Each structure stands twice: as C-alpha cells, then as structure tokens.
Number of protein chains: 2
Amino acid sequence: MQDDTREQLLESATRLFAAKGFYGASLAGIADELGLTKQALLHHFGKKEKLYAEVLSRISDRMLECVEAARSAHDAPADQLLEALQGIYALSSEAPHETRILVRELLDSERRASEVRSWYLKPFLDALVGITRDIAGKKNLGNTEALSRIYPLLGAMSYFVVSDVVLRQMYGKANYTRMQRRFPEEIREQVEALAASLA
Amino acid sequence: MQDDTREQLLESATRLFAAKGFYGASLAGIADELGLTKQALLHHFGKKEKLYAEVLSRISDRMLECVEAARSAHDAPADQLLEALQGIYALSSEAPHETRILVRELLDSERRASEVRSWYLKPFLDALVGITRDIAGKKNLGNTEALSRIYPLLGAMSYFVVSDVVLRQMYGKANYTRMQRRFPEEIREQVEALAASLA
DNA sequence: ACCCTGACTTACCGATCGGTAAGTTCATGG
DNA sequence: CCATGAACTTACCGATCGGTAAGTCAGGGT
C-alpha cells in the first residue's frame, strides 16, 4: 500500500524534473505535490541523485522495451524500424515530460559526466543501430554510418515533442494539433526513404 | 574600452547559461570567469533576467541574419533553403553553446512564459517558412504545412549539435567527428528530397 | 580646484537549497 | 504486551542564491 506513495513521489519527481531540470526542481517542491515534506522524500530515496537516477532508468527502460517489442513484432527490419520509431513517438508524445528529461540529460551531460555516467540511452541507441544495420543487410554498414542515419530521425522526433509548449504559443493550439497528427506520416516517409537508400 | 568588459561578460554568460541553464548559472560564477564580482555584473545589466534576455536576443539575431543572407544570395528558393540550413548548421556547430541555450529555452518555456514572452525564434522560423512556401510556388502551401516540413530538419540539426558531448562520450571522439563531417551532406539530401516533394 | 559619472568593491539581507538529527506515530508479529 | 521498524514530522545546519546599500576610486569637463 505504501509502495503507492513511492510511486506517486516518482511521478511528481518526473513531472518536476521535466519542467525545471535537476537543479531547478527542489525536493520540497516534489514532496509538496503530495502534501508531504522533503524529509519524507529523503526517507524513500536517500539522496536527490538517487531519486533522479531512478526516474531516469525508469524512462530509458520503457524506451528500450518499446524498441524490443517492435523487433519481435515483425520479420522485415524495415518494418521493425518503422514500428519502433512510431512507437517511441507515440510514447513520448503522450508523455512529453519524459522526453524533456532525456533532452535535458543531453544538455547537462557536461557537468553530470563527472558525477555519474549517464549513458541510459546507449542500449536504446544500440538497438536502433542494430535494426538499421539489418536493413542494410549484407553490404556491411558501419556502426557510425548507421547511427548517422537514424540519429536525425530521433532528433527530429524529440525536438518536436519538446517544442509542444512553444509551438502552441506561437502558432495556436489547433495548428500544433495538426502538426502532431501529421507527424507519424512524416516518420513513415523518412523511414521508407532511409530503407530505400540502404537496401 | 570598457565596452570590452561588457562584451566579455556577455560571452561568459552565454557559456555558463548554455552549460548550466538559467537557474543553474549564478551571477557570481559568470563574473568570476573574468575575476570580477557579481555586483560588477549587476552594475552592467541590472537584473539576471536582463542579462539573459540580451544573451538570447543576440543569438537569435545572428540566426535570423544567417537566413536573410541566404535569401539574398540565391534566386531559386530551394537554393536559399539549402544555404540557410547549412549556414545555420555551420553557425551552431562552431558555437554549440548558443544552440544549447535555444534548446533550453524550449524546455523552460513553460515557466518562463508567465514572466517573459520568449518568442525570439519566431522571426527566424517565419523566414524559413517563407522560403518553404516559395518552393511550393503557386500550389498554395499553408503555413502549418510548411512548418511541418522544415521543423523536423531544424530539430535534427539542433538535437545533433546538442548531443556532441554525449555522443563523443558514448562512441568516441573520432566517430563523432565523422558524423559531424557527414552531417551537411545529410542536410543536402533532406533539403533536396523536400524540394522535390514540394515542386 | 571642483564635482560628477561610470566602473567597480565590500558588506549585508532574506530566501531557499540539500541534507542531518532526533523525535512521533502506528501497524505488526513474537 | 511490548518491541521493532517503517513512514513520516519538526527543527536545524551551512552554503549559496539574487539583489540592495553604501562606499571607493580613477578620469574628464567646466
């Protein structure tokens, strides 16, 4: 039953880390959302860093899961890639908080690097690289080349998801919704072009 | 001569805002880089918000300049778009700090929105949308549709530039350099595909 | 000689940060 | 019936934050 509190604390933390970043989000602020004190938070997680690490690993787990589900759902690597990327988009589109945290992780990596290795994204990236190399098939595509091909796609997705607030402010909610609905189609076109250029 | 101090303060501020974000970068830290006190900083800029605003507008000015230079350098809109995007990539690739700040602006917009309207990017985006609509020519392309086409490109660029530290850590400096060199070609392919699909 | 203005300093303020210490409350199981 | 441990609380700590107040000090115009 009291695991529930822990769960809720993790959700508050996810929301606030996404909105304000690691240093901007305060323990007191996170705990306040549930009417608790920051010491309750520290009781469950010990240190702010540990709370953050748990939030981060939970997000990257979900991402990796999504790619592996796509892998086992299809035989053709091109289909796997399409399903994986559209799945990730669906995931991060309905939970933009998590995407925001991952992008923040890119920005803060310079400082965090000394404290904690933060390669939470690596298994996820490697899985995508694997699929891409499968598409290329026998003509041996290097890791770096494969990464060069999918990284722009990933970047376009993350950047768009993370731009939701600003785009809505600048061009209106209706226009953003239209872009949002169109986006999976944009992904499909890109993936098909990529598969065609590799096959 | 003492304008020089102001200039150097702006550069320190840009570097630290990029590395730590608005709330993570302290006035004392920025001033320390020049061996000054935070009060010297406040003497020049009054408030932290004003310092930040100046940093931001200086960046967006440079971006907009780049697009307009591309506009007047070519006749064909497709050439304009290619030059504009490759110019922006060159710009943000050699000054990743500034790109980091712009991406942070996307992430922090939720809170800042109440304090300051931060649409520094809007003129820049509108200029790109204008070029894109020119490419479509007489078949009237809506603003939203044009934006939907170029935003992924912009996202891919920004995301890649901002990933420099992490990618270097994960895949090695040599591999990142290879990706970096390849990237303008990636942009060219994307722009040509876009122009072809619009013409 | 005078003062003024711009560039800076030291000194200080209240607020807030992450974290520690020492309880209190309460359900559970021997 | 009571001991134990988990789930919290209040109280406090030193550090750091942005910002204010009041000076110091050099150079230039009158």
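Letters A, B, ... are given to chains in the order of the sequence lines, protein chains preceding strands, and every chain is numbered from 1. Note that the structure is a prediction, hence the values are computed from the model and not measured.
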dC8(D) OP1/OP2 closer than 4.0 Å to side-chain N/O of Thr5(A)
yes
Rounded to whole angstrom units, what separation is found between the CG atom of Leu41(A) and the P atom of dT20(C)?
14 Å
On DNA chain C, compare the nucleotides closest to Gly46(A) and Gly35(B); which residue's is nearer the 5' end?
Gly35(B)
Rounded to the Å, how far apart are Lys20(B) NZ and dG18(D) P?
11 Å
Using only modelled atom types and a 3.5 angstrom limit, is any donor from either the side chain of Lys47(B) or the base of dG19(D) paired with an acceptor on the other?
no
Between dC8(C), dT9(D), dG18(D), which one does the side chain of Lys38(B) approach most closely?
dG18(D)
Looking just at side-chain N and O atoms, do Tyr52(B) and Glu105(B) make a donor-acceptor pair shorter than 3.5 Å?
yes
Starting from P on dG19(C), measure out to NZ on Lys50(A) and report it in whole angstrom.
12 Å
For Leu51(B) and dG19(D), what is the distance between atoms CG and P respectively, to the nearest whole Å?
10 Å
So what does Leu42(A) hit on the nucleic acid, given a heavy-atom distance under 4.0 Å: a base, only sugar-phosphate, or nothing?
base
Distance in angstrom units between Leu16(A) CG and dG18(C) P, rounded:
11 Å
Testing dG18(D), dA11(C), dT10(D) for proximity to the side chain of Ser26(B), the answer is dG18(D)
How many whole angstroms separate atom CD of Gln39(A) from atom P of dA6(D)?
18 Å
Of the nucleotides dC8(C), dA11(C), dG19(C), which one has an atom closest to the side chain of His43(B)?
dC8(C)
Looking at every strand, decide which applies to Ala31(A) at a 4.0 Å heavy-atom threshold: base, sugar-phosphate, or nothing.
nothing
Reckon His44(B) has a side-chain N or O less than 4.0 Å from the OP1 or OP2 of dC8(C)?
yes
Side-chain ion pair, Lys50(A) and Glu54(A), N-O less than 4.0 Å
no
Please check if any side-chain donor atom of Ser163(B) sits under 3.5 Å from a side-chain acceptor atom of Tyr151(A), or the reverse.
yes
5' precedence on DNA chain D between Thr37(A) and Lys48(B) (nearest-nucleotide basis)
Thr37(A)
Taking CG from Leu36(B) and C1' from dG6(C), how many angstroms apart are they, rounded to a whole number?
14 Å
With a 4.0 Å cut-off on N to O distance, would you call Glu11(B) and Arg58(B) a salt bridge?
no
Could you give the CD1-to-C1' distance, from Ile30(B) to dT16(D), as a whole number of Å?
15 Å
Looking at Phe22(B), is its backbone amide N or carbonyl O close enough to the side chain of Lys48(B) to form a donor-acceptor pair, meaning the two atoms are under 3.5 Å apart?
yes
